[in-house]
Amino acid sequence: MSVRVRFAPSPTGLLHVGALRTVLFDYLFARNKGGQLILRIEDTDRTRYNPESEQEFVDTLRWVGIQFDEGPHVGGPHAPYRQSERAAEGIYAKWIAELEAKGHAYKAFETSQELEEMREFQQINKQPLGYFGGDWRDASPEKVEAAIAEGKPYVIRQKMPRDKKIVVQDLIRGRIEFDSNTLPDPVLIKADGMPTYHFAAMVDDHLMGITHVLRGEEWISTSPYHWTLFEMFGWQPPIFVHCPVIVGKDGKKLSKRHGATRVLDYMAQGYMKGALKNFIALIGWAPGDDREVYEDEQELIQAFSIERLQPSPGQFDMEKLRWLNGHRIRLMSPEEILAEIEGLLAEAHTVQYWENFVDEPMPNQKPIDGKEVLGKVQFLVKRAHEDRDYVLKAIKEERERVGSLVDFGDACEFFIVADDSLNYDPKATAKWFTGQAHVPALFDFLTACCENGTFGADTPAEEYENAIKDYFASSGLDKLGPIVHPTRVALTGKTVGPGLFELMAVLGPERIKNRVARARTMLS
RNA sequence: GGCCCGGUCGUCUAGUGGUUAGGAUGCCGCCCUUUCAAGGCGGAGGUCGCGGGUUCAAGUCCCGUCCGGGCUACCA
């Protein structure tokens with residue numbers, strides 16, 4: 001039988017990295033097995049429903065490049081794929097009626113206040129918490145009829161078996177045993193007529209022919225309800241796969257204080273979908289050999305095996321993500337990198353993210369100005385429209401020292417900025433300009449080279465190197481540093497960056513001349 | 001409290017009775033070099049949560065224990 005898996009988010013908020021990992025596993029598994037991936041929207045809780053949420057899922061999944069074979073936006077043989085719409089079609093009503101007829105479900109008429117009091121009583125008397133039958137599990141038909149006739153609101157509960165060992169099979173943990181006497185009767189249909197997750201998800205999983213249910217491990221404790229529901233209907237249960245959670249640096253569930261949790265925020269920060277997916281797949285899964293870089297997604301799909309999922313929770317290590325992202329950038333051509341940066345800026349969320357960015361600066365770090373970060377990347381793209389070849393050369397030189405796409409904004413800035421608005425780092429000028437007697441002559445030499453054609457428009461880096469080393473030989477200096485460093489500061493305003501000769505070849509004589517002239521005015 | 005799940009270098013992990021416990025990241029050093037990186041090479045870092053057992057042999061099997069986490073809603 002063909003593998004069918006589903007991603008079934010509840011549209012209550014944003015799509016975070018934990019959920020991404022679950023869909024990723026769904027996706028990798030489905031593609032590896034040549035099966036189908038289904039999107040189902042679990043919008044049965046009207047109180048928590050967030051109308052923008054579904055769009056968030058669609059945007060995020062589109063960005064990461066996970067496509068569904070069936071779902072609300074692509075249709076399919078089991079439509080509709082939103083549970084609110086399925087409820088309206090009477091799907092759940094039909095199946096709950098069958099369950100009641102079989103005696104596996106019953107109506108319960110307690111008010112929420114009565115349930116509250118019951119819980120308090122249980123707490124005080126150290127009894128197991130939960131609804132184990134109350135007045136209604138074994139109520140006579142007449143009593144139930146009377147309550148209905150009175151118009152009392154009710155829920156429908158699952159009549160859990162008693163004195164029974166319930167064994168749930170989990171693919172990565174094996175048998176999980178529960179004593180049915182510790183399991184209260186869960187609500188299947190709420191007073192508003194809507195099904196709970198426990199009911200709707202299982203009915204749909206069966207109806208949609210789902211073979212493997214991948215979900216977070218927080219569902220383990222409710223899995224015996226789900227398992228027995230399948231037994232009550234006489235349906236073949238799917239294979240349950242409870243994925244471990246992703247936690248933050250302190251071992252607690254990943255939250256805002258660990259950094260971004262929203263998947264789209266990683267996009268905005270310049271992490272590429274391929275790197276993110278590669279990284280996230282490796283939390284809780286490993287191929288078994290020592291491989292961990294998958295440049296080609298097809299290879300990741302091929303390597304993926306659901307049996308190799310791990311049961312223990314994993315931490316989200318930003319440093320490693322950054323490394324993987326940078327590694328991937330280095331594998332790309334400047335053209336590909338520029339295209340990625342342009343694509344990134346075309347995403348509305350990127351702009352929104354940086355414009356509203358509020359940094360929580362670490363103890364002794366200067367805060368990040370989101371608008372400045374964005375501005376630099378936007379400037380890079382703007383300059384790319386004006387002079388694409390030039391910007392590509394700058395990207396090529398800076399490719400070695402970035403961890404994310406947005407880093408190029410700052411890294412390439414000195415290349416693309418107008419000569420008269422280049423920023424000079426005061427510490428750099430203080431170190432290499434002031435009190436350096438040989439620097440004026442050096443600047444004269446550089447200017448002369450620009451004017452006499454030694455530095456031409458197409459002069460390669462090696463010739464810049466030869467010219468400067470010749471000058472060094474005749475200068476009487478014993479180290480190349482005093483020549484190279486002031487030149488670097490004059491041309492870039494910084495002490496760090498690409499190789500001097502390479503960056504000179506990119507800048508060309510015009511810019512070199514202008515910048516040296518400006519630097520000269522800063523000599524004191 | 002009850003019921004479940006988990007526990008190998010800081011982190012992600014390999015490992016299914018016999019390995020000097022391997023790889024990656026991060027950290028440190030060396031090489032390269034005009035700087036910062038990148039890259040190459042090397043190093044430190046693990047009494048496999050702890051305690052018992054089984055066995056000639058245990059990270060691997062069994063029991064206990066501790067710690068962490070989840071659930072205990074008419075939320076998912």
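All heavy atoms count here, side chains included; hydrogens, waters and symmetry mates do not. Naming convention: chains lettered A, B, ... in sequence-line order (proteins, then strands); numbering from 1 in each chain.
- The side chain of A/Arg157 contributes an N or O atom lying less than 4.0 Å from OP1 or OP2 of B/C74.
- Residue A/Lys190 places at least one side-chain N or O closer than 4.0 Å to OP1 or OP2 of B/C75.
- Both distances falling under 3.5 Å, in either a Watson-Crick or a G-U wobble arrangement, place B/G6 opposite B/C67.
- Across all strands, A/Val155 comes closer than 4.0 Å to base atoms (heavy-atom distances).
- Within the 4.0 angstrom heavy-atom criterion, base atoms lie near A/Gly497.
- Taking the six-membered ring for Trp, A/Trp136 and A/Phe109 have ring centres closer than 6.0 Å.
- Using a 3.5 Å distance cut-off with no hydrogens or angles, the side chains of A/Glu110 and A/Tyr131 do pair a donor with an acceptor.
- Within the 4.0 angstrom heavy-atom criterion, only backbone atoms of the sugar-phosphate kind lie near A/Gly288; the bases stay farther away.
- Across the interface with RNA chain B, nearest-nucleotide mapping of A/Val245 and A/Glu177 shows A/Glu177 to be the residue nearer the 5′ end.
- Going from atom CD of A/Gln310 over to atom P of B/C48 covers 18 Å, rounded to whole Å.
- Applying the 4.0 Å criterion to OP1 and OP2 of B/A38, one finds that A/Arg399 has every side-chain N and O outside that range.
- Heavy atoms of A/Ala191 sit under 4.0 angstrom from at least one base atom.
- Nucleic acid contact for A/Thr495: base, since at least one base atom lies under 4.0 Å from a heavy atom of the residue.
- Residue contacts shown for A/Phe316 are absent, as no nucleic acid heavy atom lies under 4.0 Å away.
- Ring pair A/Phe443/A/Tyr471: centre-to-centre distance not below 6.0 Å.
- Residue contacts for A/Arg173: at a heavy-atom cut-off of 4.0 Å it reaches the sugar-phosphate backbone alone, with no base atom in range.
- Residue A/Lys249 places no side-chain N or O under 4.0 Å from the OP1 or OP2 atom of B/C12.
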- Which is it for A/Arg82 and A/Asp43 under the salt bridge (Lys or Arg N to Asp or Glu O under 4.0 Å) test, yes or no, and what are the steps along the way? CA-CA 7 Å; A/Arg82 283 187 198 90; A/Asp43 55 349; 5.4 Å; no

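- Close to B/C4, at under 4.0 Å from its OP1 or OP2, lies no side-chain N or O of A/Arg175.
- Within 4.0 Å (heavy atoms only), A/Gln127 reaches no atom of the nucleic acid at all.
- The pair A/Lys396-A/Glu502 fails the salt-bridge criterion, with no side-chain N (NZ, NE, NH1 or NH2) lying under 4.0 Å from an Asp/Glu carboxylate O.
- Here the separation of B/G68 from B/G43, taken at their P atoms, is 37 Å to the nearest Å.
- Between the CG atom of A/Leu324 and the P atom of B/A24 there is a distance of 14 Å, rounded to whole Å.
- Closest-nucleotide positions on RNA chain B for A/Arg330 and A/Arg21 were compared, and the one nearer the 5' end corresponds to A/Arg21.
- Comparing B/A58 with B/C3, their P atoms sit 33 Å apart, to the nearest whole Å.
- Comparing the P positions of B/G51 and B/U8 gives a spacing of 16 Å, expressed to the nearest Å.
- Spacing of P atoms, B/U13 relative to B/G53, comes out at 33 Å, to the nearest Å.
- Separating the P atom of B/G46 from that of B/G22 is a span of 13 Å, rounded to the nearest Å.
- The gap from the P atom of B/C50 to that of B/C67 amounts to 15 Å, rounded to the nearest Å.
- A/Thr12 comes within 4.0 angstrom of no nucleic acid atom, judged by non-hydrogen atoms across all strands.
- Separation of the P atoms belonging to B/A38 and B/C28 is 12 Å when rounded to the nearest angstrom.
- Residue A/Ile176 is classed as a sugar-phosphate contact, given heavy-atom separations below 4.0 Å to backbone atoms only.
- Nucleic acid contact class of A/Arg46 (heavy atoms, under 4.0 Å, all strands): none.
- Among the atoms of the strands shown, none is found under 4.0 Å from any heavy atom of A/Glu397.
- The separation of B/U65 from B/U11, taken at their C1' atoms, amounts to 27 Å, rounded to a whole angstrom.
- Note: A/Phe29 and A/His212 meet the aromatic proximity criterion, with ring centroids under 6.0 Å apart.
- For B/A76, the OP1/OP2 oxygens have a side-chain nitrogen or oxygen of A/Thr44 closer than 4.0 Å.
- The side-chain hydrogen bond (donor to acceptor under 3.5 Å, both in side chains) test with A/Gln158 is passed by exactly one of A/Thr196, A/Thr228, A/Asp185: A/Thr228.
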